[in-house]
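Structure, as structure tokens:
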Amino acid sequence: MNLMDTMSGSLLESFFPQGWDLDKMDACIGAPEDVLARQAHWNEGFAPVPCDSLADFDVLMGHEIAMQVKQTRDEGRKCAFILPVGPMGMYRWTVYFLRAWNVDCHHVTTFNMDEWADGEGNTLPCDNPAAFQYAMEQALFLPLGELTVPPEQRNFATRANLPTYPQKIAALRAEGAKLVLVYGVGRMCHIAFWEPHFAAEFATVEEWKRQSYRLGAKLHPLTIEQNAITSFKSRTTLVPCRANTIGPGLFLGADYAIGGCDGVLSRGMQWQGLSFWATLRYGPDMWVPSSFVPTLPGKLFFHRELAGPLVAECN
């Protein structure tokens, strides 16, 4: 007996994205010891990196981000970062390494990948503790002190500013800047808040890939519940149902990608194992946005518990 055997067709059609092949997704899950096995569609420069604890995860991912800042500065090259608010623990260590090395971020321009919004793309005030801009200021920009990214080089996904991202990033690339994507993988296999159900709007993958951003994007119920768990202390009633977000037209253009999957909870509970395995093994499909990230060079750091075994147990 499996999920497809027990669910009614109406629930499958109304809840899961219509393009999801649940049998294929479930078949992505393998034995924990096989999680690093290379797949045919992976970029030769892509590698998953297991971490034995959340502490290790934060340090390693933070170090990887800091190294991109240092390397581009040493090369005399500008660097554009697309940054998430989730995961977050790595920013403490990005700050630690950059301050220890005395490496400034004056050559860096940042683009926050998303922000809570209403249906018209209006965002929370920047001093609201739930706002992603507030989170970035507290976790990264303020702690860096004199080494920080200049304020005029920080971009946030507001209604007015998000539509300028493609032009700004293109201008930086024209100057030789390296585009680095930092990302987490959502419960629904989204990157940023680019949800799988958006694929229904596009006739081809090529058209889907050209989409650079969306204002007031409608979020999937499981995305809302994921954020209730991770950011709102279980209060689903406080989670916005829409957000502004970048799209594949930006995140698939990265020169290098630094990913993180740290969705473990406690007592053996977790929320990200299936999403992690599908990211690695589903194969590029616009209905599973994170399935494209292994086609980019970079590293995907993950808590080893996410590799499983993903089997039923009572907790």
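What's counted below: heavy atoms across the whole structure, side chains too, no hydrogens, waters or symmetry copies.
In this structure, W277 contributes its side chain and A307 its backbone to a donor-acceptor pair below 3.5 Å. Looking only at distances, no side-chain donor or acceptor of Q270 sits under 3.5 Å from a matching main-chain atom of G268. H220 contributes no side-chain N or O that, together with a main-chain N or O of F16, makes up a donor-acceptor pair within less than 3.5 Å. Panel note: side chain N43, backbone P294; no donor-acceptor pair is recorded below 3.5 Å. A donor-acceptor pair under 3.5 Å links the side-chain atoms of E115 to the main chain of Q133, judged by distance alone. R38 places a side-chain N or O within 3.5 Å of a backbone atom of F46 that can act as its donor or acceptor partner. Without hydrogens or angle criteria, Y165 side chain to A157 main chain gives a donor-acceptor distance under 3.5 Å. Within the 3.5 Å criterion, the main-chain N or O of G283 finds no donor-acceptor partner in the side chain of Q39. Side chain of N227 to backbone of S231: no donor-acceptor contact under 3.5 angstrom is found. Formation of a donor-acceptor pair under 3.5 Å by the Q153 side chain with backbone atoms of H106 is found in this model.
Side-chain contact between L219 and C241 is absent, with no heavy atoms from C-beta onward closer than 4.5 Å. N161 has its side chain within reach of K168: a pair of non-hydrogen atoms, C-beta onward, lies under 4.5 Å apart. At a threshold of 4.5 Å between non-hydrogen side-chain atoms, the residues F141 and V149 count as touching. In this structure the side chain of L222 reaches within 4.5 angstrom of the side chain of F15, judged on heavy atoms. Inter-residue side-chain proximity for V35 and P50 is flagged as unmet; no heavy-atom pair is nearer than 4.5 Å. Under the 4.5 Å side-chain criterion, counting only non-hydrogen atoms from C-beta, T109 is not in contact with K78. Side-chain contact between V182 and Q68: absent, with no pair of heavy atoms (C-beta onward) separated by less than 4.5 Å. Annotation: side chain of M188 is in contact with side chain of P17 (closest heavy-atom distance under 4.5 Å).
A donor-acceptor pair shorter than 3.5 Å can be found between the side chains of T236 and E225.
By the rule that hydrophobic residues join a cluster once side-chain heavy atoms approach within less than 4.5 Å of another member, I224 and M113 end up as members of separate clusters. A single hydrophobic cluster is not seen to contain both V180 and F111; linkage of ILVMFWY side chains at heavy-atom distances under 4.5 Å, directly or through other members, places them apart. Note on V95: it clusters hydrophobically with F57, by side-chain heavy-atom contacts below 4.5 Å among ILVMFWY residues. Following chains of ILVMFWY side-chain contacts shorter than 4.5 Å, one cannot reach I169 starting from I65, and the two form parts of different hydrophobic clusters. When the side chains of ILVMFWY residues are joined at heavy-atom separations under 4.5 Å, either directly or via intervening members, V49 and L36 end up in two distinct hydrophobic clusters.
Open room surrounds NZ on K70; 12 or fewer heavy atoms of other groups in view lie less than 6.0 Å from it. Within a 6.0 Å sphere centred on OH of Y96, heavy atoms belonging to other residues, nucleotides or ligands number 12 at most. Residue E44 qualifies as open at atom CD: its count of foreign heavy atoms under 6.0 Å is 12 or below. The neighbour count for R92 CZ, taken as heavy atoms of other residues, nucleotides or ligands under 6.0 Å away, does not exceed 12.
Using cut-offs of 30° and 60° on the angle between ring planes, the pair W116 and F132 is tilted.
In this structure, the separation between OG on S275 and CE on M25 is 7.5 Å, given to the nearest 0.5 Å. Separation of atoms OG1 (T230) and CZ (F232) is listed at 8.5 Å; rounding is to 0.5 Å. Atom OH of Y282 is separated from atom SG of C28 by 7.5 Å, given to the nearest 0.5 angstrom. Atom CG in L300 sits 8.5 Å away from atom CE in M61 (nearest 0.5 Å). Distance check: T279 OG1 to I191 CD1 gives 6.5 Å after rounding to the nearest 0.5 Å. Put simply, CG on L162 and OG1 on T123 are 10.0 Å apart, with the number rounded to the nearest 0.5 Å.
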Under the criterion side-chain contact (heavy atoms from CB on, under 4.5 Å), I'd like the reasoning laid out for D104 against E146: C-alpha separation, chi angles, the key distance, then a yes or no. CA-CA 8 Å; D104 68 60; E146 71 282 0; over 6 Å; no
Problem - side-chain contact (heavy atoms from CB on, under 4.5 Å) evaluation trace for T148 with R154 - result: CA-CA 10 Å; T148 198; R154 307 172 195 170; 3.4 Å; yes
> For E195 and T245, what are the C-alpha separation, side-chain angles and deciding distance, and is it a side-chain contact (heavy atoms from CB on, under 4.5 Å)?
Replying inline: CA-CA 10 Å; E195 297 280 40; T245 181; over 6 Å; no
Walk me through it: do L140 and L83 pass the test side-chain contact (heavy atoms from CB on, under 4.5 Å)? CA-CA 11 Å; L140 182 63; L83 296 176; 4.1 Å; yes
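Remark: of the listed residues K178, R77, H107, H107 is the sole one forming a side-chain hydrogen bond (donor to acceptor under 3.5 Å, both in side chains) with T72. When each of Y91, F301, F97 is checked for a ring-ring contact (aromatic ring centres under 6.0 Å, His included) with H63, only F97 meets the rule.
Of all the heavy atoms in L98 and C105, the pair that sits closest is CD1-SG, 3.7 Å. In this structure, G119 and R242 approach most closely via the heavy-atom pair CA-CD, 3.4 Å. Listed here is the closest heavy atom pair of G121 and N244: O-ND2, 2.9 Å. Nearest heavy atoms, Y134 versus C126: CB-O, 3.3 Å. A pairwise comparison of heavy atoms in V103 and R73 identifies CA-NH1, 3.7 Å as the closest pair. The two residues L252 and F292 come nearest to each other via the heavy atoms CD2-CB, 3.5 Å.
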Cut-off 3.5 Å, no hydrogens considered: what does the side-chain donor-acceptor table look like for residues 197-210, sequence neighbours left out?
unit_1 : atom_1 : unit_2 : atom_2 : d
H197   : NE2    : K218   : O      : 3.0
E201   : OE1    : R214   : NH2    : 2.7
E201   : OE2    : R214   : NH1    : 2.9
T204   : OG1    : E207   : N      : 3.1
E207   : OE1    : A203   : N      : 3.2

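Counting Ile, Leu, Val, Met, Phe, Trp and Tyr side chains that sit under 4.5 Å apart, directly or through other members, M269 shares a hydrophobic cluster with I229, L265, W271.
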